[in-house]
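This is a predicted model, so every value here is computed, not measured. What you see below is based on every heavy atom in this structure, not just the backbone, and it leaves out hydrogens, waters and symmetry mates. The chains referred to below are lettered A, B, ... by the order of the sequence lines, with proteins before strands, and numbering in each begins at 1.
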Amino acid sequence: MAELPDLTVFAKTLNKRFKGKNLERLEIKVAKKINVTGKELKTALEGEKLVQVTREGKTLQLHFSKDQVLGIHLMLRGELVLLDQENQEPKFEILGFHFKDGTGFAVVDLQKMATPTLNPEKTTVPDALEMDLPYFSSLLAKKRTLIKTLLMDQHMIRGIGNSYADEILWHAKISPFSVAKSIPEQAVKKLFKSLMLVLEKAIDEISKENGDELTGELRDFMKVHGAKIEKSPTGAIIKSDKIGGRTTYYTDEQEIYS
DNA sequence: GTAATTGTTCTAGC
DNA sequence: CGCTAGAACAATTA
């Protein structure tokens, strides 16, 4: 699925291609996940100008004129595709954005779980790339939960999902089974650095490979998270286990604090 | 036919 | 009561 780095690149690409354009028609194929009726959404957005696209945690936010904002959460299988002459109605379409100049893009999801939200409420939970070390370290200090569970908790930090949590923990050489408050200060600092580094590097790589396209996930550079990966770059056997029902990949190189 | 997939939300339990 | 862990759910593919 798309996680923070993918979404950051999607936002960038959408800005490059569609910023400033006027939305002529909004095609609504699946309305059941929207927080308003399809009719209300069309009324709110059709005829408005796309002012800017941003990323908020795991959602994309399309800012239109008249202060209308559409948040889009792609959930686990949602994707964005470009529309052109040959491809006006992609498979599994949820929403189709058709601009006045004939260009457009669509949100597709084979599981129909992508969730569009008109004018989503603002939250005070910091985004993974925007939080600072004091926040991160005081958060860890008061939580008894497993570190991986905490990294993925959207009420604490927004943007990190199952796969990048594994990558970040491996990079920091900390076991996902560590208890958050038991991790010593030095290791917390290291984890914070790894978090920023892994995410920023992923944005870079995806951005480079994706160009101006809107292809799905690109994760060839994943080092430990993936059923087909057998060894870490440093040669350690990759083990897998379940944490909170999610498959977790890790190696013995990672220290466990408990 | 069945397991696997994954973020969110709800519920049960300590 | 507050916090944490786990189950349920959505829909499709391998």
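Annotation: salt bridge (charged side-chain N to carboxylate O under 4.0 Å, His left out) contacts involving residues 230-248 of chain A, sequence neighbours excluded, comprise A:K239-A:D252.
Remark: A:K242 is not in phosphate contact with C:dA7, judged by side-chain N or O atoms under 4.0 Å from OP1 or OP2. In this structure, A:T149 does not reach the C:dT4 phosphate: none of its side-chain N or O atoms is under 4.0 Å from OP1 or OP2. Contact check, A:K33 against C:dA10: no side-chain N or O comes under 4.0 Å of OP1 or OP2.
Between A:K148 atom NZ and C:dA5 atom P there is a gap of 14 Å when expressed in whole angstrom units. In this structure, A:D6 places its CG atom 15 Å from C1' of B:dG7, rounding to the nearest Å. The interatomic distance linking A:E3 (CD) with B:dT6 (P) rounds to 9 Å, in whole Å. In this structure, A:D166 atom CG and B:dT5 atom P are separated by 12 Å, rounded to whole Å. For the pair A:L151 CG and B:dT8 C1', the interatomic distance rounds to 17 Å; values are reported in whole Å. Atom CE in A:M156 sits about 14 Å away from atom P in C:dG2, given to the nearest Å. Atom CG of A:D109 and atom C1' of C:dA11 are 8 Å apart (whole Å). In this entry the distance linking CZ of A:R158 with C1' of B:dT8 reads 15 Å, nearest Å.
Residue side chain A:R246 reaches the base of B:dT8 through a donor-acceptor N/O pair under 3.5 Å, judged by distance alone.
Few gaps surround NZ on A:K173; more than 12 heavy atoms of other groups in view lie less than 6.0 Å from it. Taking a 6.0 Å sphere around NZ of A:K29, one finds it holds more than 12 heavy atoms contributed by other residues, nucleotides or ligands. Surrounding NZ of A:K16 are at most 12 heavy atoms belonging to other residues, nucleotides or ligands under 6.0 Å away. The 12-atom threshold is not exceeded at CG of A:D67, counting heavy atoms of other residues, nucleotides or ligands nearer than 6.0 Å.
When distances are taken from the side chain of A:Q154 to each of B:dT8, B:dG7, C:dA11, the shortest belongs to B:dT8. Of the listed nucleotides (C:dT12, C:dA10, B:dT8), C:dT12 has the atom at the smallest distance from the side chain of A:K112. Comparing atom distances between the A:H73 side chain and each of C:dT13, B:dT8, B:dT5 picks out B:dT8 as nearest.
The distance between the ring centers of A:Y250 and A:F177 falls below 6.0 angstrom.
For the atom pair CG of A:L169 and CG of A:L151, the computed distance is 5.5 Å after rounding to the nearest 0.5 Å. Going from atom NZ of A:K143 over to atom OG of A:S182 covers 14.5 Å, rounded to the nearest 0.5 Å.
Near DNA chain B, meaning a heavy atom under 4.0 Å from it, residues 135-147 of chain A has no residue at all. Heavy-atom distances under 4.0 Å link DNA chain C to no residue of residues 174-182 of chain A.
Between A:H155 and A:Q111, the one whose closest nucleotide on DNA chain B sits nearer the 5' end is A:Q111.
Ring pair A:F136/A:F192 is tilted by interplanar angle, where 30° to 60° counts as tilted.
Residues A:L129 and A:L4 meet the side-chain proximity criterion, which asks for heavy atoms closer than 4.5 Å.
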